[in-house]
Amino acid sequence: YYFNHIWGSKQGDIENFAVTEMSNSGLLWATTGEMAHRILWMAGDITLFIGTVGGELMLASMNIKGAPLSPNNFNFVSVSSYGCADIDARVLSGATYFVKRGGNGIVELSLDPQGVVPVAIDRTLLAPHLFSTALTGIAAAPLPTPTLWAINGTNRFYGLTSLANEKIAAWHQHDTASLDAGVLDGNIESIWTLPNPGGWTETWAIIKRRVKDGAAAWRYWRYIERMDYIAQTTADEDKLYSDCGKTWTNAGSTTITGMQ
């Protein structure tokens with residue numbers, strides 16, 4: 001078991017990993033020295049980022065931006081030393097996101113505007129109070145607005161709306177409250193996303209809820225649930241996007257009650 005090795009197949013022959021002196025042969029790379037930690041994930045689009053127990057790396061060609069990798073043209077670049085939790089990274093809006101070692105936050109990996117130098121940004125600093133409980137999973141929802149979902153096994157989950165190329169990011173939190181008095185808030189055990197034919201991303205979760213069974217007994221059940229999609233609207237009376245709000249349509253009155 002080579003915990004710090006990466007194998008690449010021959011160009012045009014994806015099952016051939018034999019390494020020769022030819023420039024199009026299979027590839028074998030190994031991290032060494034201070035970078036020789038157990039690899040937990042690899043992710044990226046144009047650039048391949050590598051997450052290890054001890055830090056984060058980038059695998060790139062040595063001389064030409066975007067040039068093909070070969071046995072004689074590759075380089076490991078140390079990006080940051082946060083260290084990763086054993087949770088798969090996600091690619092979203094031109095950046096790669098991973099959970100830090102210990103689960104207490106999320107880091108964004110991307111390239112500088114010139115597309116050369118790797119940059120690591122700790123997105124936890126935007127809302128550190130959300131991460132007192134270790135994260136257990138993340139999922140990426142690219143449409144309609146790029147959002148990274150994060151869960152920690154409780155009844156709350158968190159979203160990072162991010163436009164990495166525009167340097168815009170903000171956290172928001174949600175819960176699993178039920179409208180049914182016989183169903184309590186549930187702990188989210190898993191979260192994932194799927195593309196919808198309508199052009200948006202569905203967010204699904206496995207939630208363990210405590211449900212009233214009969215007159216007094218409560219039992220635990222696991223449900224597969226989908227987050228409801230709220231389509232954007234142009235009607236002024238329907239533009240209510242908030243955690244708490246009311247609408248008022250009685251034009252004949254100048255007094256509003258019930259706002260406690």
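We use all heavy atoms of the structure for the numbers below, so side chains are in, but hydrogens, waters and symmetry mates are not. It should be emphasised that the depicted structure is a prediction, and the values quoted were computed from it without experimental measurement.
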Roughly how far, to the nearest 0.5 Å, is the CH2 atom of W7 from the CG atom of L27?
12.5 Å
About how many Å separate CD of E56 and CH2 of W41, when rounded to the nearest 0.5 Å?
6.0 Å
Give a yes or no on this: more than 12 heavy atoms of other residues, nucleotides or ligands lie within 6.0 Å of atom OH of Y220.
no
State which residues pass side-chain contact (heavy atoms from CB on, under 4.5 Å) with [X]; sequence neighbours excluded, sorted by chain then number.
X: F74; value: W29, L59, L69, F76
X: V91; value: A43, D45, T96
X: P128; value: none
X: N16; value: K10, D13, A18

Return the minimal non-hydrogen interatomic distance between [X] and [Y], and the atom names on each side.
X: F98; Y: I138; result: CA-CD1, 4.4 Å
X: V53; Y: H37; result: N-CB, 4.2 Å
X: D112; Y: V116; result: OD1-N, 2.9 Å

When clusters are formed from ILVMFWY side-chain contacts under 4.5 Å, directly or step by step, what else is grouped with I168?
L163
side-chain contact (heavy atoms from CB on, under 4.5 Å), that's the test. Do R219 and V211 meet it? Break it down for me.
CA-CA 5 Å; R219 300 182 185 275; V211 181; 5.8 Å; no
Filter on ring pair (Phe, Tyr, Trp, His ring centres under 6.0 Å), then keep only pairs touching residues 133-158, sequence neighbours left out; what's left?
W149-F157, W149-H172, W149-H174, F157-H174
